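One structure is given below, encoded as structure tokens.
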Amino acid sequence: MALLPIITAPDKRLEIVSTPVEAVTDEVRDQLDSMLETMYAAPGIGLAAIQVGIPKRMLVIDISRENEEKQPLFIVNPEITWVSDEDSVYEEGCLSLPEQYADVARPKEVKVRYLDRDGESRELHATGLLATCLQHEMDHLDGILFVDHLSALKRNMILRRLLKQKRLAVAG
Ligand code: K1U
Ligand code: ZN
């Protein structure tokens with residue numbers, strides 16, 4: 001397993017629509033394990049494959065707290081099968097948009113069908129932070145960032161800050 005560099009915005013790779021995983025092979029399991037390790041090290045509560053440059057429809061999540069037992073989820077080829085009518089608002093962050101946060105409204109509950117780390121089909125009814133995080137990570141699979149849910153004014157303000165951060169980092 002290896003720690004993988006996380007791509008930060010602005011970067012065209014974050015706009016890629018990822019392709020389905022054909023089979024959950026040992027190579028895919030290795031990639032998922034490295035993604036989980038990278039997510040824990042960041043630290044974060046979710047990570048989509050494209051954030052580490054792998055354009056495949058897979059993601060990892062663990063919303064357990066520091067003092068709790070780890071509860072990693074390995075999610076391959078997820079499909080939303082149901083969303084609640086009610087929305088909830090959460091102040092989201094993103095490892096690809098460092099130090100940027102904004103309120104995003106999304107369906108409060110979702111049901112998602114996916115393949116697990118063994119390639120078995122599963123369905124999950126997610127509520128609360130898990131529902132928010134799942135939708136945020138699934139957006140990454142379609143090249144969508146949380147700022148794409150904001151007004152153009154707020155989105156451009158955040159993207160300008162990120163561009164400035166990158167320019168300063170390059171300048172040293
Ligand atoms: O980059 C990502 O997609 C991961 C992102 C997930 C997320 C956070 C909040 C709402 C929706 C989705 C993060 O993990 S940002 C970091 C973060 O939230 C966190 C970090 C340490 C402890 C607790 C949370
Ligand atoms: Zn993100």
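Note that the structure is a prediction, hence the values are computed from the model and not measured. Note that ligands are numbered from 1 as they come in the structure, with each ligand's atoms numbered from 1 the same way.
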Just give me the atom name: the N, O or S atom of His140 closest to the Zn ion (ligand 2).
-> NE2

What about Tyr90: any of its N or O atoms under 3.5 Å from an N or O on ligand 1?
-> no

Does any N or O atom in Leu95 lie less than 3.5 angstrom from one in ligand 1, N or O only?
-> yes

Derivation and outcome, side chain to side chain contact (heavy atoms under 4.5 Å, CB included), residues Phe74 and Asp33 | CA-CA 9 Å; Phe74 299 93; Asp33 291 343; 3.8 Å; yes

CD1 (Ile80) and CG (Leu124) are apart, to the nearest 0.5 Å, by 10.5 Å

Can you list the ligand 1 atoms lying under 4.0 Å from a non-hydrogen atom of Gly44?
-> 14 (O), 20 (C)

Any protein heavy atom under 4.0 Å from atom 22 (C) of ligand 1?
-> no

State, to 0.1 Å, how close Ala2 and Thr38 come at their nearest heavy-atom pair, and which atoms those are.
-> O-OG1, 3.8 Å

Inter-residue atom distance Glu92.CD - His149.NE2, 0.5 Å rounding | 7.0 Å

Contact (N/O only, under 3.5 Å) between Gln51 and ligand 1 | yes

Starting from atom 4 (C) of ligand 1, find the nearest protein heavy-atom neighbour and note its residue, name and distance.
-> Gly46 O, 3.0 Å

To the nearest 0.5 angstrom, please state how far the CD atom of Glu109 sits from the CD atom of Gln135.
-> 10.5 Å

Can you tell me the protein heavy atom closest to atom 6 (C) of ligand 1 and the distance?
-> Glu137 OE2, 3.4 Å

Does any N or O atom in Ile45 lie less than 3.5 angstrom from one in ligand 1, N or O only?
-> yes

How long is the gap from CD on Gln100 to CG on Leu159, to the nearest 0.5 Å?
-> 9.0 Å

What protein heavy atom sits nearest atom 20 (C) of ligand 1, and how far away is it?
-> Pro43 O, 3.3 Å

Give the numbers and elements of all ligand 1 atoms closer than 4.0 Å to a heavy atom of His136.
-> 2 (C), 3 (O), 11 (C), 12 (C)

Nearest-0.5 Å distance that lies between atom NZ in Lys70 and atom CG in Asp62 | 7.5 Å

Can you find a heavy atom in the side chain of Phe146 that is under 4.5 Å from one in the side chain of Arg106?
-> yes

Among non-hydrogen protein atoms, atom 9 (C) of ligand 1 lies closest to Gly93 N, 3.7 Å

Could you say whether the N/O atoms of Thr132 and ligand 1 ever approach to under 3.5 Å?
-> no

Atoms in ligand 1 with a heavy atom of His140 nearer than 4.0 Å | 3 (O)

Measuring from Met35:CE to Leu4:CG, what's the distance to the nearest 0.5 Å?
-> 8.5 Å

Please confirm whether Glu91 comes under 4.0 Å of ligand 1, counting heavy atoms of the residue only.
-> no

Which of Asn77, Asp142, Thr19 passes side chain to side chain donor-acceptor pair (under 3.5 Å) with Arg57? It is Asp142

For the Zn ion (ligand 2), the closest N/O/S atom belonging to His136 = NE2

